[in-house]
Amino acid sequence: MISVEQAKKLIQEHTTALNPVQIQLSEAAGHTLAQDICASCDIPAFRQSSMDGYALKFEENLAELCLAGEMAAGSDKENTINQGEAYRIFTGAALPNGADTVIMQEKVTIEGDRVFLNDPNLKAGINAREKGSEISTGEIAMTRGSQLTPAALGFLAGIGTTEVSVYPQPKIAIILTGNELQKPGLPLNFGQVYESNSYALKAALRQAGISSIEVLEAKDDLETLTEVLNATLKTNDMILLTGGVSVGDYDFVIQAAGNCGVKQIFHKVKQKPGKPLYFGTKQNQLIFGLPGNPSSVLSCFYNYVLPAIALLSNTTSKIQQIEAQLTAAYQKPGGLTHFLKGRYDAGKATALGAQESYRLSSFAQANCLICLEEEKTDFKIGDKITVFLLPN
Ligand SMILES: Nc1nc2c(c(=O)[nH]1)N[C@H]1C(S)=C(S)[C@@H](COP(=O)(O)OP(=O)(O)OC[C@H]3O[C@@H](n4cnc5c(N)ncnc54)[C@H](O)[C@@H]3O)O[C@H]1N2
Ligand code: MOO
């Protein structure tokens, strides 16, 4: 059995970012840029008013101007201003050629075509955005590796970008194993359990920005599981199997993976929950055998799968790791790292009840996983421990 740290390192070493693809900017939120983006024009593309008012050519002690015309936003009519003239202008409109300043309309008095200026603070260039002041032609707008946040998308659209090269999100298949699984909504016969792993995993994947998710079921027999796994390996970058990864007579994940040409990287990690975790690769595809207990599935998802997704799509991990103080003493045996469902608040972490791996009730209330190191057995109130904040 390997340690949690070794398992994380092995996953990292065997995960390569997916090849970049060209996509529409409108579809690119949440992706990481795989190219530098340069501005193809100056933005603003012309000297632009930032106020509704009057455009003018600045001079000291200007008191009165003659209204010569109007510049409306979006108008393609160019005008040239002369000394002593003002142009009515609106926010976003181009200044007439030669004008450099805009006085707000609140600071003028109009009498016929005369414009009287009452702004002691008027300065050259005020209320005028210079051409190219956001970005100029050829300048790098965003560099490769940048996250495409909503603001980044708006910025890139604002400089005229329509398509971007990004690292794609992985296509992911979930394979549910277990003869005992019943769909929620149908009657629960003796020996059956409601299937819940696909609900939790799909939601966690969607939260991570993954849109290509397929869910398949495989009964507990080697042939069927091998067939299903083989089929999913044809089109997916990552396969998440749940259940069937332990040592029972009906646990076929490891054999099926071998049959499909998957190379085992590790099986079993010194941790609770999720001890029988399996990880393998086939070329650049990643295969996780998540121990079937619902809490083990999610704990392994946040600890191992989510960071691997981030590496595949070259994004930053959605799990924040911080230090916190325990609010109560906790004992555990040595030999396994424990991940406890907990609540984190203002530097303090509280372990919740219902820690058994078949239970999700406390996970449903948790906002963090409290990591209790492998060898330590007695944790005291106030002890500093590592906490992984769950995405919300
Ligand atoms: N002799 C040993 N037995 C077990 C060991 C061990 O070391 N020696 N490890 C235990 C641990 S720890 C875990 S975790 C489980 C993992 O077993 P599997 O991955 O083979 O999972 P299953 O046996 O198929 O299922 C476990 C549990 O989870 C329920 N389950 C499975 N899939 C779903 C689903 N989609 N939705 C809801 N619940 C699901 C399943 O019914 C079982 O109750 O092995 C221990 N045994
Ligand atoms: O390690 Mo298992 O995941 O506790 O039940």
Between [X] (side chain only) and [Y] (backbone N and O only), is there a donor and an acceptor less than 3.5 Å apart?
X: S75; Y: M71; result: no
X: Q207; Y: N392; result: yes
X: N127; Y: V102; result: yes
X: T149; Y: A152; result: yes
X: Y344; Y: G347; result: yes
X: R88; Y: G69; result: no

Is [Y] close to [X] at the side-chain level, that is, under 4.5 Å between some pair of heavy atoms?
X: S133; Y: P44; answer: yes
X: N97; Y: E78; answer: yes
X: F363; Y: P294; answer: no
X: Q182; Y: E195; answer: no
X: L369; Y: I319; answer: no
X: K348; Y: T350; answer: no
X: Q355; Y: K272; answer: no
X: I239; Y: V262; answer: no

What I want to check is whether the side chains of [X] and [Y] have a donor and an acceptor closer together than 3.5 Å.
X: D52; Y: T91; value: yes
X: S357; Y: N293; value: yes
X: Q192; Y: E180; value: no

Following the transitive rule for hydrophobic clusters with a side-chain heavy-atom cut-off under 4.5 Å over Ile, Leu, Val, Met, Phe, Trp and Tyr, establish whether [X] and [Y] coincide in one cluster.
X: V228; Y: Y278; answer: yes
X: I309; Y: L33; answer: no
X: I174; Y: F252; answer: no
X: L352; Y: I370; answer: no
X: L222; Y: V245; answer: yes

Taking all non-hydrogen atoms of both residues, which atom of [X] and which atom of [Y] are closest, and how far apart?
X: D119; Y: K107; answer: CG-CD, 3.7 Å
X: R343; Y: A366; answer: NH1-C, 4.0 Å
X: Y194; Y: K183; answer: CE2-O, 3.5 Å
X: A128; Y: D100; answer: CB-O, 3.6 Å
X: P168; Y: S313; answer: O-CB, 3.3 Å
X: F301; Y: A204; answer: CE2-CB, 3.5 Å

query = How long is the gap from CG on L18 to CG on D237, to the nearest 0.5 Å?
reply =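 One gets 4.5 Å once the value is rounded to the nearest 0.5 Å.
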
Sidechain N-carboxylate O distance under 4.0 Å for E356, R359 =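 Looking at E356 and R359, the cut-off is met.
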
[X] atom [atom1], over 12 foreign heavy atoms within 6.0 Å:
X: K131; atom1: NZ; value: no
X: D345; atom1: CG; value: no
X: E223; atom1: CD; value: no
X: N19; atom1: CG; value: no
X: E13; atom1: CD; value: yes

ask   = Per the side-chain contact (heavy atoms from CB on, under 4.5 Å) rule, which among L298, N197, V305 passes with L290?
value =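 It is V305; the other options fail the test.
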
query = Per the side-chain contact (heavy atoms from CB on, under 4.5 Å) rule, which among C300, C371, S299, S3 passes with Q271?
reply =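 Among C300, C371, S299, S3, the one meeting side-chain contact (heavy atoms from CB on, under 4.5 Å) with Q271 is C300.
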
request  = Please work out whether the ring planes of F279 and H14 are parallel, tilted or perpendicular, with thresholds of 30° and 60°.
outcome  =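 Plane angle over 60°, so perpendicular.
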
